[in-house]
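Read the structure below first, then the notes.
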There are 2 protein chains.
Amino acid sequence: MKETYCTAHLRSISDTLELIGGKWKLLILTLLFSESPMRFSEIERAIGTITPRMLSKELKELEMNELIERRVYPTMPVSVDYRLTDYGRSLDSVMVALGDWGKKHRKRIMHPVVVESLPA
Amino acid sequence: MKETYCTAHLRSISDTLELIGGKWKLLILTLLFSESPMRFSEIERAIGTITPRMLSKELKELEMNELIERRVYPTMPVSVDYRLTDYGRSLDSVMVALGDWGKKHRKRIMHPVVVESLPA
DNA sequence: CGGAATCCCATGCGATACTG
DNA sequence: CAGTATCGCATGGGATTCCG
């Protein structure tokens, strides 16, 4: 594929999706949007179906991209919490766009529907 | 996870991502945004690295969700083209949001960087 | 031309168990 | 509490071949 404006724009889009892709990232970000900071086990309980392995992995990737910040407190045992960074908060426009479109979309056909016969 | 505003909003977001997820969908949509209609083999050539199997599959899903329209012409052999629907065009706000954020994002650290020592 | 069928592999993700 | 280690499978996606 030739290098065009089209593909450059697309790479920007792909970059964004790469950061918020994966099964849990948007869910975690959404939680942290409404409540920051949250501790590891708080997020785990809030989601309910995520395994610690996945939570750990996703948090690590979000932190690597500076969307969230991880703080460790020298308590005994240690406690850790996670919060959105300002950079992470800048995603709100993206999440609003995705959410708004999704809300409208829900009113439309979206699942494979078998239409055997349609009258008139 | 309890049913809250938070999760309802999240489902809207997930719905949207479900439609434009997959490796090629956004690329196909971006192409069709800049040029509609396009024939099957035109899209194939434009992307360059997609296999007909995947192109067929992605187009089918996009059509199922009414984001694009497929038209068949009874030529010999048959020709087919694809174009954005008005509904598909309504995704532009989403794609702009994703693209804009990605453009800003590129200026920041995004790949795993090993910092051995940092002065001062 | 516009696909469908088949085979195959990488990885994403879940389940379970364990640890400082 | 906040993870890590290991295993295993399902799914996504590529390569190749064939078809009307």
Side-chain angles (χ1 to χ4, degrees), chain A residues 1 10 13-14 17-29 31-32 35-65 68-84 111-112, chain B residues 1 10 14-32 35-65 68-84 111-112:
Chain A
M1 186 165 190
L10 181 86
I13 296 179
S14 304
L17 285 180
E18 207 170 297
L19 292 202
I20 61 178
K23 185 167 180 182
W24 305 105
K25 289 201 182 64
L26 273 170
L27 179 43
I28 295 167
L29 289 174
L31 284 172
L32 290 177
E35 180 186 346
S36 276
M38 290 179 80
R39 300 184 57 175
F40 188 91
S41 40
E42 280 184 307
I43 304 176
E44 195 178 356
R45 269 194 307 277
I47 298 184
T49 54
I50 193 172
T51 62
R53 162 174 149 67
M54 286 311 296
L55 181 54
S56 171
K57 181 170 162 281
E58 304 281 65
L59 287 171
K60 206 168 288 178
E61 293 173 13
L62 290 172
E63 189 200 0
M64 195 182 74
N65 285 295
I68 64 175
E69 184 193 346
R70 177 180 187 266
R71 292 191 189 170
V72 185
Y73 306 92
T75 53
M76 178 59 187
V78 305
S79 50
V80 179
D81 66 25
Y82 297 87
R83 72 196 67 213
L84 279 184
H111 299 294
Chain B
M1 186 164 190
L10 181 87
S14 303
D15 285 351
T16 305
L17 284 180
E18 205 171 299
L19 291 204
I20 61 179
K23 185 167 180 182
W24 305 105
K25 289 202 183 63
L26 272 169
L27 179 42
I28 294 168
L29 289 175
T30 304
L31 284 173
L32 290 178
E35 180 186 344
S36 276
M38 289 180 77
R39 300 184 55 176
F40 187 91
S41 38
E42 279 185 306
I43 304 176
E44 193 177 359
R45 270 194 307 276
I47 297 183
T49 53
I50 194 174
T51 61
R53 162 174 147 69
M54 286 310 296
L55 181 54
S56 171
K57 180 168 160 283
E58 304 282 64
L59 287 171
K60 204 168 290 177
E61 293 172 13
L62 290 172
E63 190 200 0
M64 196 181 73
N65 284 294
I68 64 174
E69 183 193 347
R70 176 179 187 266
R71 293 191 187 170
V72 185
Y73 304 93
T75 53
M76 180 59 187
V78 306
S79 51
V80 179
D81 65 27
Y82 297 87
R83 70 196 68 214
L84 279 184
H111 300 294

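Values below: every heavy atom of this structure, side chains too, minus hydrogens, waters and symmetry copies. In what follows, every chain begins at residue 1, and chains take the letters A, B, ... in the order their sequences are listed.
- When the side chain to side chain donor-acceptor pair (under 3.5 Å) test is applied to A/Thr51, no partner is found at least two apart in sequence or on another chain.
- Considering all non-hydrogen atoms of both residues, B/Pro37 and B/Glu42 come closest at O-OE1, 4.3 Å.
- At whole-Å resolution of the value, CD in B/Glu61 and P in C/dG3 are 14 Å apart.
- Interatomic distance, OG1 of B/Thr30 versus CG of B/Leu32, reported as 9.0 Å (0.5 Å rounding).
- The closest side-chain heavy-atom distance from A/Ser79 to A/Arg39 is below 4.5 Å.
- Listed here is the closest heavy atom pair of B/Leu84 and B/Ser36: N-OG, 3.4 Å.
- Taking each heavy atom of A/Met38 and A/Glu35 in turn, the nearest pair found is CG-O, 3.3 Å.
- For B/Glu44, the side chain to side chain donor-acceptor pair (under 3.5 Å) criterion is met by no residue, not counting sequence neighbours.
- Under the side chain to side chain donor-acceptor pair (under 3.5 Å) criterion, A/Ser41 pairs with no residue, sequence neighbours left out.
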task: Step by step, work out the side chain to side chain contact (heavy atoms under 4.5 Å, CB included) result for A/Leu19 and A/Leu17.
output: CA-CA 5 Å; A/Leu19 292 202; A/Leu17 285 180; over 6 Å; no

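- Taking A/Glu63 as the reference, A/Ile68, A/Arg70 meet the side-chain contact (heavy atoms from CB on, under 4.5 Å) condition, with sequence neighbours excluded.
- Comparing the local axis fitted to the first five base pairs of the helix from C/dC1-D/dG20 to C/dG20-D/dC1 with the one fitted to its last five gives a bend of 50°, rounded to 10°.
- Here CZ of B/Arg45 is found 14.0 Å from CD1 of B/Ile50. Values are rounded to the nearest 0.5 Å.
- Among the heavy atoms of the strands, none lies under 4.0 Å from A/Tyr73.
- With sequence neighbours excluded, the residues forming a salt bridge (Lys or Arg N to Asp or Glu O under 4.0 Å) with B/Arg83 are B/Asp81, listed by chain and number.
- Of the residues in residues 35-42 of chain B, those with a non-hydrogen atom less than 4.0 angstrom from any atom of DNA chain C are B/Arg39, B/Phe40, B/Ser41.
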statement: With B for base contact, S for sugar-phosphate-only contact and - for none (protein heavy atoms under 4.0 Å), nucleotides 12-20 of chain C reads -BBB-----

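- Taking 4.0 Å as the cutoff to heavy atoms of chain A, we find the contact window on DNA chain D bounded by D/dC1 to D/dT6.
- Remark: P of C/dG2 and CD1 of B/Ile47 are 14 Å apart, rounded to the nearest angstrom.
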What pairs of donor and acceptor atoms, side-chain ones from residues 52-62 of chain B against any protein atom, are under 3.5 angstrom apart with sequence neighbours left out?
{"residue": "B/Glu58", "atom": "OE1", "partner": "B/Lys25", "partner atom": "NZ", "Å": "3.1"}
{"residue": "B/Glu58", "atom": "OE2", "partner": "B/Trp24", "partner atom": "N", "Å": "3.2"}
{"residue": "B/Glu61", "atom": "OE1", "partner": "B/Lys25", "partner atom": "NZ", "Å": "2.6"}

